[in-house]
Amino acid sequence: MSSEFPKGFFWGGATAANQLEGAWNIDGRGPSVDDHFTGGTKDTPRRITVDIQPDLLYPNHDGVDFYHRYEEDIALIAEMGFTMFRMSISWSRIYPRGDDEQPNEAGLAFYDRVFDCLRAHHIEPLVTLSHYEMPYHLVEKYNGWASRELIGFFETYCKTVFQRYRDKVTYWLTFNEINVGTKELGAMLETGIIQGFEGPASKIETSLQLRYQALHHQFVASGRVVAFAHERYPQFKMGNMDCFILSYPETCDPQDVLATQAEMRRMNWFSSDIQVRGAYPSYAQRFFRENGIELEVGKGDLDDIARGKVDFYTFSYYMSGTVGTHEGHAACQGNMVRGGLNPYLEQTEWGWQIDPTGLRVALNEIYDRYQIPLMVVENGMGAKDELTGDDRIHDTYRIAYLKKHVLAMREALRDGVDLIGYTWWGPIDLVSAGTGEMRKRYGFIYVDKHDDGSGTNRRVRKDSFFAYQKIIASNGAEG
Ligand code: BG6
C-alpha cells in the first residue's frame with residue numbers, strides 16, 4: 001500500500017518530565033506537584049500528601065531515570081527512526097520555587113544537553129511548557145492557578161526557556177491537556193489547586209467557580225506567551241494541547257444528542273475555541289450562568305487571549321465514550337475523565353475503550369472546525385507486559401492498537417485533514433499519570449522498573465519497537 005502520509009510527516013513519541021526524568025531533588029530542582037502524589041492502582045486512588053513522608057512511595061521521584069539515561073534513550077528512539085520527540089520541561093528544575101528571582105543554571109544546562117543530543121540524531125523536539133506540574137511552592141503559597149500571580153511567574157519561566165533554547169526548539173505547546181482542568185483528577189494536576197489537601201486524590205472537592213477561574217488564568221498566560229513568542233521569535237510554532245474524548249450519544253433520542261453536544265463543548269471545544277480562535281465561545285456564557293460561575297476577568301485579559309492564537313492544534317487521543325440521559329447508562333474508565341460505556345468497543349485492561357475509527361472522526365471534526373495543522377501528540381494503550389525467557393516482550397496487543405490508529409490517520413489524511421505529526425504516548429515505559437503505576441506500560445521500550453520501586457532501569461526493545469520502526473521507515477505505508 002502506498003504511504004499517503006505527507007513527506008516530512010513527524011513520527012515520534014511523547015513523554016512528560018515528571019513521569020520520565022526522576023532526579024526529583026537533584027541539581028537544584030525543587031519539588032513539583034506530582035512529587036506529592038503516592039503510587040496507586042486502577043482501583044486505589046493515588047494519595048496526595050502535604051509533606052513527603054519517608055515511609056511512602058512517590059513514583060515520580062525516580063521516574064525511569066531519563067535524567068541520567070537520556071543518551072541511551074535518545075539513541076534507542078533514533079534507532080526506531082523518530083523524527084520528533086515530545087517532552088516537557090520541568091518548571092521546578094528551572095525555577096525551583098516558581099517565584100525565584102533567578103533560574104537554576106544546572107536545570108537549564110540539563111535541557112541543553114537533551115536538545116543537543118536530539119539534534120545530533122536529527123530529531124525535532126516538541127516541548128510542552130507545563131505538563132501536569134508546577135513547583136509545589138506555588139501550591140503552598142498561592143493555591144496554584146487559582147492565583148492571578150501565577151500568570152507572571154509562568155511568563156518569566158517561558159521567557160527564560162524561549163531565550164535559552166531559541167536555536168534548539170521550534171515547536172512549543174503551552175499546557176498539556178488544558179481542558180481536563182475542569183474535571184476530577186485533571187483539575188488537581190493541571191491547575192494545582194490543592195493547597196493544604198491531604199488524602200486520596202479522588203476525594204478532593206473543588207468548586208467549578210475555582211476551576212474555571214484557575215483555567216482563565218491559564219488561558220491568559222497561554223495567550224501572553226504565545227503572543228510574545230510570535231513577536232520575538234517568528235520562527236517558533238506555538239500549539240495548544242487538549243485531551244480529546246470523543247463522545248457519542250448513547251441513543252438517537254434528541255435528548256442524548258443534546259447532552260452529547262454539551263459534553264463535547266465542555267470537554268473538547270471550550271478550551272480550543274479559546275486558544276485557536278482567541279475568544280471565549282458564545283455558549284460559555286449560558287454555561288457559566290447556569291453553574292453559578294462568575295469569572296473575574298482582568299483588564300486586558302481578553303486582549304491577551306485574542307492576541308495569543310496558536311499556530312497548530314494538538315491533542316491526545318486514547319478512547320471515546322458515550323453520553324446518555326436514560327437510566328442504566330453505564331460508565332467506563334479513563335484517567336482524567338470518565339465516559340459512558342459503548343458495547344461496540346473493546347477495552348484495555350484498565351477499562352479504556354479502544355476506538356481507532358473515533359480517531360478518524362475526531363481528526364475530521366477538529367479540522368472542519370479550525371482549519372489549521374493538527375498533530376496527534378498522545379495515543380497509546382497501557383498494558384501489562386511479560387518479559388519472556390529469551391528476554392523479549394511479544395506485545396502483539398500494542399502492535400494491533402498502533403496499526404489500527406495509523407490506518408485511521410491515513411484515512412483522515414485521505415479525507416483531506418492537514419495532519420502533520422504523530423507522537424505515541426510513552427515510547428519508553430514511564431510512570432502512569434493516573435495511577436502512578438509502572439505495570440501500566442505504554443512503551444516500545446521496556447524499562448525494568450516496578451510498582452514497589454525496585455528494578456535496574458535496564459531498557460529492552462519490545463516487538464512493537466520493530467513494528468513502529470517499520471511503520472516509520474515506510475512513512476506509514478506498512479502498518
Ligand atoms: C494523558 C497525559 O492524559 O494520558 C499523560 O497527558 C498520561 O501524562 C497519559 O500519562 C496516559 O495516562 P495514564 O494515566 O495511563 O498514565
Side-chain angles (χ1 to χ4, degrees), residues 14 16 86 88 126-132 145 171-187 189-191 211-212 214-216 218-219 221-223 225-226 237-247 260-281 283-284 287 305 308-321 334-339 352 355 358-380 405 409 412 417-425 433-434:
R86 176 171 174 237
S88 68
L126 168 63
V127 175
T128 318
L129 289 154
S130 174
H131 189 130
Y132 287 158
W145 283 101
Y171 292 89
W172 301 89
L173 308 176
T174 51
F175 294 101
N176 179 64
E177 294 187 338
I178 191 166
N179 54 331
V180 306
T182 62
K183 302 264 181 171
E184 301 138 19
L185 178 63
L189 288 166
E190 183 65 42
T191 60
R211 291 184 195 179
Y212 279 87
L215 269 175
H216 174 73
Q218 288 184 271
F219 290 132
S222 176
V225 302
V226 168
K237 304 264 184 249
M238 306 299 297
N240 70 325
M241 196 312 198
D242 270 353
C243 171
F244 201 92
I245 306 281
L246 186 69
S247 289
T260 306
Q261 182 182 59
E263 176 59 17
M264 286 289 286
R265 283 176 163 180
R266 186 176 160 190
M267 180 66 205
N268 297 308
W269 302 128
F270 172 74
S271 50
S272 48
D273 281 352
I274 295 171
Q275 291 186 297
V276 179
R277 293 173 169 164
Y280 275 90
Y283 54 81
F287 176 77
I305 287 173
K309 289 187 227 161
V310 294
D311 305 308
F312 63 110
Y313 174 107
T314 83
F315 66 110
S316 60
Y317 179 85
Y318 292 92
M319 56 184 283
S320 64
N335 63 346
M336 306 301 155
V337 292
R338 306 272 180 275
W352 295 23
D355 182 12
L359 177 56
R360 179 175 172 193
V361 175
L363 284 163
N364 274 285
E365 287 286 316
I366 299 164
Y367 192 61
D368 278 357
R369 196 170 182 113
Y370 300 127
Q371 303 274 307
I372 59 174
L374 311 185
M375 279 194 206
V376 179
V377 296
E378 283 187 33
N379 172 236
H405 285 81
M409 289 192 291
V417 172
D418 184 11
L419 176 65
I420 60 170
Y422 175 73
T423 57
W424 172 271
W425 175 252

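Atom set for the values below is all heavy atoms of this structure, side chains included, hydrogens, waters and symmetry mates excluded. Positions are given from 1, in the same order as the sequence printed here.
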Residues two or more places apart in sequence or in another chain: which of them pass ring pair (Phe, Tyr, Trp, His ring centres under 6.0 Å) with [X]?
| X | value |
| --- | --- |
| Phe315 | Phe244, Tyr313 |
| Tyr318 | Trp352 |
| Tyr283 | none |
| Trp172 | Phe162, Phe236 |

Rounded to the nearest 0.5 Å, what separates atom [atom1] in [X] from atom [atom2] in [Y]?
| X | Y | atom1 | atom2 | result |
| --- | --- | --- | --- | --- |
| Leu359 | Tyr317 | CG | OH | 6.0 Å |
| Leu246 | Asn268 | CG | CG | 7.5 Å |
| Trp145 | Gln218 | CH2 | CD | 5.5 Å |

Excluding sequence neighbours, so at least two apart, what forms side chain to side chain contact (heavy atoms under 4.5 Å, CB included) with [X]?
| X | result |
| --- | --- |
| Thr314 | Leu173, Met241, Phe312, Met375, Val377 |
| Gln371 | Tyr367 |
| Asp368 | none |
| Ala16 | Asn18, Gln19, Ser88, His131, Trp425 |

Do [X] and [Y] have side-chain heavy atoms sitting under 4.5 Å apart?
| X | Y | result |
| --- | --- | --- |
| Met319 | Ile245 | yes |
| Asn176 | Glu378 | yes |
| Thr174 | Ser130 | no |
| Ile178 | Glu190 | yes |
| Tyr132 | Val180 | yes |
| Gln275 | Ser222 | yes |
| Trp269 | Tyr370 | yes |

Aromatic rings His216 and Tyr280: how do their planes relate, parallel, tilted or perpendicular, breaks at 30° and 60°?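 Geometry flag for Tyr280 against His216: parallel rings.
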Considering all heavy atoms, the nearest [X]-[Y] contact:
| X | Y | result |
| --- | --- | --- |
| Asn240 | Ser272 | ND2-CB, 3.8 Å |
| Ile372 | Leu374 | O-CD2, 3.2 Å |
| Asp355 | Ser320 | OD2-OG, 2.7 Å |

Please list, chain by chain and in numerical order, all residues satisfying side-chain hydrogen bond (donor to acceptor under 3.5 Å, both in side chains) with Arg369, sequence neighbours excluded.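 So Arg369 forms a side-chain hydrogen bond (donor to acceptor under 3.5 Å, both in side chains) with Asp273.
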Partner residues of Tyr422 under the side-chain hydrogen bond (donor to acceptor under 3.5 Å, both in side chains) criterion, sequence neighbours left out: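 With neighbours one apart ignored, the set is Asn379.
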Going by salt bridge (Lys or Arg N to Asp or Glu O under 4.0 Å), name the residues that satisfy it together with Arg266, two or more places apart in sequence or in a different chain.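 Testing Arg266 for salt bridge (Lys or Arg N to Asp or Glu O under 4.0 Å), a comparison that skips the adjacent residues, returns none.
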Considering residues at least two apart in sequence or located in another chain, which fulfil the salt bridge (Lys or Arg N to Asp or Glu O under 4.0 Å) criterion with Asp311?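 Once residues adjacent in sequence are excluded, Asp311 has no partner under the salt bridge (Lys or Arg N to Asp or Glu O under 4.0 Å) criterion.
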Is there a donor-acceptor contact under 3.5 Å linking the side chains of Asp242 and Ser271?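 Looking only at side-chain atoms, Ser271 and Asp242 do form a donor-acceptor pair, the distance falling under 3.5 Å.
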Looking only at side-chain N and O atoms, does Glu177 offer a donor or acceptor that is under 3.5 Å from a partner on Ser316?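 A pair is found: one side chain offers a donor N or O, the other an acceptor, under 3.5 Å apart.
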Can you list the steps and then say if Met409 with Leu363 is a side chain to side chain contact (heavy atoms under 4.5 Å, CB included)? CA-CA 8 Å; Met409 289 192 291; Leu363 284 163; 4.2 Å; yes
